[in-house]
Amino acid sequence: MSNAPNPAHSQQAAAPPTLDSSWNTDIDVMARLSTATLTLLDVLVHRLDDELVFSEALCGGGEFMCELEGLDDSFGPLIEAEAARVVAEAAGLRPAGLFSPWMPAYLAAIDALSRQRQANLVLEAADRYAGATSPPNPRIAAFHARSTVRPHTVTASASAALTAAPRPSTAPRR
């Protein structure tokens, strides 16, 4: 008998990566984290329909996405933080990073908006995030095809009012 390992036994399922592993250099793990974040953004729109505000809808979503993507639950808060960051950016806020000290204030500002506006921000964030990932996620297109939530559109008169608003002069006074 040979002492060589049996290939049939070495085909066992690998344990999900954890934060203790080199997750930030593993292309597969990074792709699964990105997919989990995008899927969470897709789900958040429907959670807002359940009379929850954005920050409430976000809670616990990361752990659920870990189950779907075969990731360790320790990645859950990281997925939620990334989703919060991209929604804050869609709202015009510029967090310095995932764990910016301003993030609680940003989330409170998003929560204060109407649920429809929150849903629109999540959709916009998902679109931006999907555009930044490669290759494009077909689930986003399918989601938008069946979604009843539509992004807010700016009318020509509102756009003209924004551009016609008086702005402070930078010219020196005479």
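Because only heavy atoms are used, hydrogens play no part in the values below, and waters and symmetry mates are left out as well, while side chains stay in.
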Closest contact, heavy atoms only, F54 versus L107: CE2-CD2, 3.5 Å
Straight-line distance of Y129 OH to D127 CG, nearest 0.5 Å: 14.0 Å
L113 with V45, same ILVMFWY side-chain cluster at under 4.5 Å: yes
Interatomic spacing from CD1 in I79 to CD in E63 - rounded to 0.5 Å: 8.5 Å
Polar side chain donor-acceptor pair, N120 to E124, under 3.5 angstrom: no
L68, T35, L58 screened by side chain to side chain contact (heavy atoms under 4.5 Å, CB included) with L40, the one that passes: L58
Would you mind writing out the side-chain donor-acceptor pairs for residues 91-103 within the sub-3.5 Å range, not counting sequence neighbours?
{"unit_1": "R94", "atom_1": "NH1", "unit_2": "E89", "atom_2": "O", "d": "3.3"}
{"unit_1": "S100", "atom_1": "OG", "unit_2": "W102", "atom_2": "N", "d": "3.2"}

Euclidean distance, L121 CG relative to R128 CZ, rounded to 0.5 Å: 9.0 Å
Residue pairs, two or more places apart or on separate chains, that pass salt bridge (charged side-chain N to carboxylate O under 4.0 Å, His left out) and touch residues 100-109: none
Flag, side chain of D50 to backbone of L52, donor-acceptor distance under 3.5 Å: no
Distance in Å, T39 OG1 paired with L44 CG, rounded so as to fall on 0.5 Å steps: 10.5 Å
ILVMFWY network linking L38 to F64, side-chain heavy atoms under 4.5 angstrom: yes
Heavy-atom side-chain contact between R115 and E51 under 4.5 Å: yes
